[in-house]
Amino acid sequence: MRGVENLAIAQALVDLADLHELGGTLPFKVRAFRSAARAIEGFGGNVAELARTERLAEVRGVGDGVARRIKELLETGKIAEAEALRAKLPPGLLDLMNLPGIGLKTAQQVWQERNITTVDELEKAAHEGRLRDLPRFGEKREEKLIAAIAAWRKRAAAPKRRPLAEAMVAAEALVAKLSVIPGVLACDYAGSLRRRSETVGDLDILVAASSEDAPRIMDAFATAPGVVELLGKGDTKTSVVLDGGMQADLRVVPRESWGAALQYFTGSKDHNVAMRTLAVKKKLKVSEYGVFDDQGAKIAGEDEAAVYEAIGLTWMPPELRENRGEIEASQKAALPVLVELSDLKGDLHMHTTETDGKSTLDDMAAAAKAAGRSYIAITDHSETLTFVRGMTRERLREQKKKIRETEQRQGIRLFAGIEADILADGTMDLADHLGELEWVVGSVHQKLQMPRDEMTKRVVRAIESGKIDCLGHPTGRQLGQREPSEMDMEVVMAALAKAGVAIELNCSPLRLDVNEHLAKMAREAGVPVVLSSDAHSVRELAYLRYGVGIARRAWLGPEHVLNTRSAEQLQAWRTERRG
DNA sequence: GCCGTTTTCGGCCCGACTGTTTTCAGTCG
Ligand SMILES: Nc1nc2c(ncn2[C@H]2C[C@H](O)[C@@H](COP(=O)(O)OP(=O)(O)OP(=O)(O)O)O2)c(=O)[nH]1
Ligand SMILES: [Mg+2]
Ligand SMILES: [Mg+2]
Ligand SMILES: [Zn+2]
């Protein structure tokens, strides 16, 4: 329920902002509500839990005022202030405002001048040509409006944000295509994808080119295969809808603005606003074209790091650019060194054809070695998962022999491990056999929807069993498909820390479990994080890259990630804990 | 409403695209 609950709170704040805007409230107050809504939406933890413990103001952008309104919403199911504003307005007006291309002014205009308050009425009026005589309206706007409403209806059903991996694959293909167009001097993706958000709203692509070449490049983009709709095209910017339903924005800037444009287009919006505000205080102006002094002279622009340095900051990894303290850290020269893919020496969760994997032990070992891993753990499912032919004691002993033989032959350290089920009562499947194994991931696969207290007890019991090395995909969430299990993560983290058990950041694209917020909690609790692919085929060994992005967003350095250590160090860590 | 080594008061980013505009407002990123 957590994701849903946070989203519902964020939506209530967006509505509150809209209602205030319609009611004529000061624009900066409206902006504050919208900013708080973004902060809540991007907050990976349990907002309701924060509210209970009076810690809402820890979220940047949420102060006492918004905290009070959130608590009211959670306690009573509504915000009285919003309801009072709503009562003064016709129902439907908010929907109207949220149509693409329609904002405050137009909604007010059609309401007051034409008595239109719903999307249906607006569509009808446009069809009948009853809008064209309004100020700043015309036939063309009527046509556009009809198309926009149709598109909005169609897209209302489709999921809006896409998982990071899906967006990355699509963006890399697009960048590859654009890069070979003559005149393209540089091309990369920016936006939430470059920041490695777990979900991505659209693709933001940046190109450096001369202004003479720009129109031809944008034409190529607008007519590329896979583009189903052109949303807009100007001198420097083109927006399209791709066949998967995702929107893509292309921005073309001169080479001398590449760094500033990359900075701008990478965001986040709140990071941009914060750093630009800082620049203003230093009598500087930052835009996508560069940094300019009070005489209008350009002092940076071609290089992204130089843009930050020009306003007294240092370059910072895109994953940190969320206005969650990175600007202050940069000012104090206290930015963390973040973990990188190349730091990962091993991969401690994967499956083979013994259970539900598609590749053999041999192939997995060879592929992992080729990918630069110096060790891996083979962790097939345990006996209770009969539908994937979970491993029995006998088969595990057989597999261990094969692992030893393969290890010799392939020249990569292999740990004979298991992904053992945490049963409903918190005991471990194959409990009496786990001591024979060299790496034990403990995971919940069945009965994911227990009451919060029961689930917490169940997981804590498994952690305290002394039989597991790492808690696998701790919340069980799957993006867009399954909400995280309810449990008290504070209690779970404390149990992990006490027992010396690691926590997994499962890098499988739809899992990314734990998420960035829980990964941060783990770091603060001193619980080592393991980045694992949970690969079910050789191809999926590459999933680690997605989890690295999430780990970096959680401000994790190599020292916080267990599988940055060598096989020997890992074994030492394990023995030390087992005492 | 939020926030803070220039502020607990007084600020709060900046530019592109569209349609209708004869100089710009509205919306969006
Ligand atoms: N300075 C400034 N930059 C903005 C603003 N809105 C958006 N940007 C920049 C930062 C964003 O990361 C970038 C791309 O905009 P998007 O709307 O695509 O946002 P983003 O990619 O961050 O998130 P998304 O996953 O697409 O919802 O443009 C703004 O109001 N001001
Ligand atoms: Mg985007
Ligand atoms: Mg965008
Ligand atoms: Zn699993």
Side-chain angles (χ1 to χ4, degrees), chain A residues 13 16-18 20-21 25-39 56-70 79 81 96-110 131-145 147-148 190-192 201-206 214 218 222 230-239 247-253 257 260-261 263-292 311-312 323 325 327-328 331-332:
Chain A
L13 292 172
L16 182 64
D18 289 352
H20 268 292
E21 198 171 33
T25 304
L26 290 166
F28 284 113
K29 188 165 163 176
V30 172
R31 210 181 82 171
F33 287 135
R34 298 213 167 105
S35 159
R38 277 196 304 278
L56 277 172
E58 283 176 19
V59 180
R60 179 163 315 211
V62 177
D64 290 340
V66 170
R68 180 173 52 73
R69 290 168 174 88
I70 291 176
I79 303 171
E81 173 191 5
L96 223 53
M97 255 181 91
N98 287 310
L99 283 173
I102 308 276
L104 169 71
K105 299 291 180 177
T106 313
Q108 280 178 327
Q109 189 186 32
V110 297
L131 299 174
R132 61 187 59 170
D133 298 330
L134 286 168
R136 314 198 60 79
F137 249 95
E139 282 185 49
K140 211 159 177 182
R141 263 198 93 182
E142 276 181 344
E143 279 171 35
K144 278 210 125 181
L145 191 53
S192 52
D202 68 353
L203 304 183
D204 301 295
I205 314 275
L206 184 65
M218 289 199 292
L230 180 62
L231 295 173
K233 185 145 85 75
D235 295 335
T236 74
K237 198 177 129 181
T238 298
S239 292
Q247 186 176 323
D249 295 338
L250 174 69
R251 195 72 201 262
V252 182
V253 296
S257 293
Q263 193 289 316
Y264 151 75
F265 218 22
T266 298
S268 66
K269 172 177 170 159
D270 295 294
H271 172 89
N272 285 358
V273 170
M275 69 95 78
R276 286 174 181 206
T277 303
L278 185 71
V280 169
K281 287 177 187 155
K282 301 190 174 186
K283 304 211 182 308
L284 298 169
K285 182 183 72 166
V286 178
S287 76
E288 59 267 51
Y289 296 107
V291 183
F292 304 87
I311 64 167
N323 195 29
I327 291 174
E328 293 77 0
Q331 284 174 313
K332 289 189 242 159

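Computed from heavy atoms alone, side chains included, the values below leave out hydrogens, waters and symmetry copies. Naming: A, B, ... by sequence-line order, numbering from 1 per chain.
The distance from atom NZ of A:K283 to atom P of B:dG11 is 12 Å, rounded to the nearest whole Å. Taking atom CG on A:D202 and atom P on B:dG29, their separation rounds to 7 Å, with Å as the unit. In this structure, A:L96 atom CG and B:dT27 atom P are separated by 11 Å, rounded to whole Å. One atom, CZ of A:R68, and another, C1' of B:dC2, lie 14 Å apart when rounded to the nearest Å. Distance A:I327 CD1 to B:dC13 P: 12 Å, rounded to the nearest Å. Rounded to an integer number of Å, the gap from A:E21 CD to B:dC28 P is 10 Å. For the pair A:R31 CZ and B:dG29 P, the computed distance is 17 Å after rounding to whole Å. A:N272 places its CG atom 10 Å from the C1' atom of B:dC14, with the value rounded to the nearest Å.
Sorted by first then second residue, the side-chain hydrogen bond (donor to acceptor under 3.5 Å, both in side chains) pairs that include residues 268-278 of chain A, not counting sequence neighbours, are A:R38-A:D270, A:Q263-A:N272, A:H271-A:Y308, A:H271-A:E326.
If you take atom P in B:dC28 and the same atom in B:dT23, they sit 25 Å apart, rounded to whole Å. Comparing B:dC12 with B:dT7, their C1' atoms sit 13 Å apart, to the nearest whole Å. Straight-line distance between the C1' atoms of B:dG1 and B:dT5: roughly 24 Å, to the nearest whole Å. Separating the P atom of B:dT27 from that of B:dT20 is a span of 14 Å, rounded to the nearest Å. Between B:dT21 and B:dG26, the two C1' atoms lie 12 Å apart (nearest whole Å). Across the P atoms, B:dC2 and B:dC13 are found 16 Å apart, a figure rounded to whole Å.
When the nucleotides B:dG1, B:dC3, B:dC12 are ranked by their closest atom to the side chain of A:R60, B:dC3 comes out on top.
Here the straight-line distance linking atom CG of A:L231 with atom CG of A:D249 works out to 8.0 Å at 0.5 Å rounding. Between the CG atom of A:L131 and the CZ atom of A:F137 there is a distance of 5.0 Å, given to the nearest 0.5 Å. Interatomic distance, A:L104 CG to A:Q109 CD, rounded to the nearest 0.5 Å: 11.0 Å.
Nucleotide B:dT8 is matched to nothing when pairs are restricted to Watson-Crick or G-U wobble geometry with both distances under 3.5 angstrom.
Summary of the strand contacts: A:M97 and A:Q331 both lie near DNA chain B, and taking for each the nucleotide with the nearest heavy atom, the more 5' one is attributed to A:Q331. With DNA chain B read from its 5' end, the first of the two nearest nucleotides for A:F265 and A:G63 is the one closest to A:G63.
Stacking between A:F28 and B:dC2 is absent: the aromatic ring centre is not both under 5.5 angstrom from the base six-membered ring centre and within 30 degrees in plane angle.
Remark: A:R60 engages A:E328 in a salt bridge, criterion side-chain N to carboxylate O under 4.0 Å.
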What string of B, S and - do you get for nucleotides 16-25 of chain B 5' to 3' if you count protein non-hydrogen atoms under 4.0 Å? SSSBS---BB
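At the heavy-atom level, A:L99 lies under 4.0 Å from the strands shown only through sugar-phosphate atoms. Among the protein residues, A:V30 comes within range of no part of the nucleic acid, since none of its heavy atoms lies under 4.0 Å from any strand. Using a 4.0 Å heavy-atom distance criterion, A:L26 is classed as making no nucleic acid contact. Contact annotation for A:R69: backbone-only contact, meaning every heavy-atom pair under 4.0 Å involves sugar-phosphate atoms and none involves a base.
Checking side-chain atoms of A:R69 against main-chain N and O of A:G65 turns up a donor-acceptor pair under 3.5 Å. A donor-acceptor distance shorter than 3.5 angstrom exists from the side chain of A:E142 to the backbone of A:R132, with no hydrogens or angles considered. Side-chain atoms of A:R141 come within 3.5 Å of backbone atoms of A:R136 as a donor-acceptor pair (strictly under, hydrogens ignored).
Contact annotation: A:T106 reaches the phosphate of B:dT27 (side-chain N/O to OP1 or OP2, under 4.0 Å). Listed pair A:T277 / B:dC13 meets the phosphate criterion, a side-chain N or O lying under 4.0 Å from OP1 or OP2. Residue A:K285 places at least one side-chain N or O closer than 4.0 Å to OP1 or OP2 of B:dG15.
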Could you go through residues 280-289 of chain A and list every donor-acceptor pair under 3.5 Å that involves a side-chain atom there, pairing it with any protein atom two or more places apart or in another chain?
{"unit_1": "A:K282", "atom_1": "NZ", "unit_2": "A:I311", "atom_2": "O", "d": "3.1"}
{"unit_1": "A:S287", "atom_1": "OG", "unit_2": "A:Y289", "atom_2": "N", "d": "3.0"}
{"unit_1": "A:E288", "atom_1": "OE2", "unit_2": "A:R251", "atom_2": "NH1", "d": "3.0"}
{"unit_1": "A:E288", "atom_1": "OE2", "unit_2": "A:R251", "atom_2": "NH2", "d": "3.0"}
{"unit_1": "A:Y289", "atom_1": "OH", "unit_2": "A:R251", "atom_2": "NH2", "d": "3.3"}

